[in-house]
Amino acid sequence: MTEPYLSKVCTGEKYIESRLTKVNIAPFERASADDIVLFKRSGGAITAMALVEDTHFEYLSPREGPKSLAERYADGLGYEPGYLETKMQARFASLLWLREVRTVPKIALAKRGRQAWITVRPFAMHQSAPTSVGSPEMLF
């Protein structure tokens with residue numbers, strides 16, 4: 001995530017995380033309430049985390065693109081001037097309302113590729129291990 005958006009999320013000025021994409025990729029219809037979102041600084045470490053309060057997914061009109069969406073949710077999106085113009089070709093919108101945003105000590109993440117959003121699911125280390133980490137609130 002780039003600035004000033006990461007700082008806006010951390011201060012609560014931006015409380016809706018959005019992904020506007022040309023193709024149907026995560027988090028479109030894959031994120032849900034109570035998911036944990038880790039925020040990684042572009043080219044750097046994970047520096048914040050939040051819980052997802054609610055989600056909204058929308059197919060965008062080729063004629064209007066994300067304009068209507070941006071008008072309806074302007075307060076929470078925190079878009080900088082000119083940002084929307086860079087996303088006019090987007091056809092899929094993922095909106096995630098955030099709660100309990102926290103900064104965390106820097107966590108390095110070895111990640112390959114240029115994916116802006118990756119999904120990680122809990123898994124069992126061995127047969128006797130539980131298959132989930134429990135409630136997301138345990139981390140908060």
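Since this is a predicted model, take the numbers as computed values, not measurements. We count residues from 1, following the sequence as given.
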Is the ring pair Tyr73/His56 parallel, tilted or perpendicular, if the boundaries are 30 and 60 degrees?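 Tyr73 vs His56 ring planes: tilted.
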Just how far is it from atom [atom1] of [X] to atom [atom2] of [Y], taken to the nearest 0.5 Å?
X	Y	atom1	atom2	result
Lys87	Tyr79	NZ	OH	8.5 Å
Thr47	Lys40	OG1	NZ	9.5 Å
Ile107	Leu109	CD1	CG	9.0 Å
Lys14	Leu6	NZ	CG	11.0 Å
Ser18	Tyr5	OG	OH	8.5 Å
Met88	Leu20	CE	CG	10.0 Å

Is there a path of hydrophobic side-chain contacts, each under 4.5 Å between heavy atoms of I/L/V/M/F/W/Y residues, joining Phe28 to Leu60?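 No, it is not one cluster - the side chains of Leu60 and Phe28 are not joined through contacts under 4.5 Å.
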Leu38, Leu51: one ILVMFWY side-chain cluster at the under-4.5 Å cut-off?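 Linked within one cluster.
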Begin from the C-alpha positions of Phe57 and Phe92 and carry the test ring-ring contact (aromatic ring centres under 6.0 Å, His included) through to its verdict. CA-CA 7 Å; Phe57 306 103; Phe92 299 88; over 10 Å; no
Check ion pair Glu85-Lys67 (N to O, under 4.0 angstrom):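 Salt bridge: no.
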I'd like to know if Lys8 pairs up with Glu3 as an ion pair, taking the criterion as any Lys NZ or Arg NE/NH1/NH2 lying under 4.0 Å from an Asp or Glu carboxylate oxygen.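 Answer for the salt bridge query: no.
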Least distance between heavy atoms, [X] atom then [Y] atom:
X	Y	answer
Ala33	Thr55	N-CG2, 4.3 Å
Arg30	Ile25	NH1-C, 3.3 Å
Leu84	Pro66	CD1-CG, 3.6 Å
Val101	Ala50	CG2-CB, 3.6 Å
Lys106	Ala45	CB-CB, 3.8 Å
Thr2	Ser42	CG2-CB, 3.8 Å

side-chain contact (heavy atoms from CB on, under 4.5 Å) assessment of Leu95 paired with Leu69: CA-CA 10 Å; Leu95 303 181; Leu69 188 80; 3.7 Å; yes
Does a side-chain heavy-atom distance below 4.5 Å link [X] with [Y]?
X	Y	value
Ile16	Leu96	no
Phe39	Thr103	no
Glu100	Ile36	no
Val37	Met49	no

Step by step, work out the salt bridge (charged side-chain N to carboxylate O under 4.0 Å, His left out) result for Asp34 and Arg99. CA-CA 9 Å; Asp34 295 326; Arg99 66 181 165 100; 2.6 Å; yes
Is there a salt bridge (charged side-chain N to carboxylate O under 4.0 Å, His left out) between Arg19 and Glu17? Walk through the geometry before answering. CA-CA 7 Å; Arg19 294 293 156 162; Glu17 174 57 12; 2.9 Å; yes
Verdict with supporting geometry, Arg72 and Glu58, salt bridge (charged side-chain N to carboxylate O under 4.0 Å, His left out): CA-CA 13 Å; Arg72 283 181 279 152; Glu58 192 168 315; 2.8 Å; yes
Assess the residue pair Gln89 and Thr21 against the criterion (side-chain contact (heavy atoms from CB on, under 4.5 Å)); give the C-alpha distance rounded to whole Å, side-chain angles, the decisive distance to 0.1 Å, and a yes or no. CA-CA 8 Å; Gln89 299 300 312; Thr21 59; over 6 Å; no
Okay, side chain of Ser7, backbone of Pro4: is any donor-acceptor separation there less than 3.5 Å?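 No, the answer is negative, given that no donor and acceptor are paired below the 3.5 Å cut-off.
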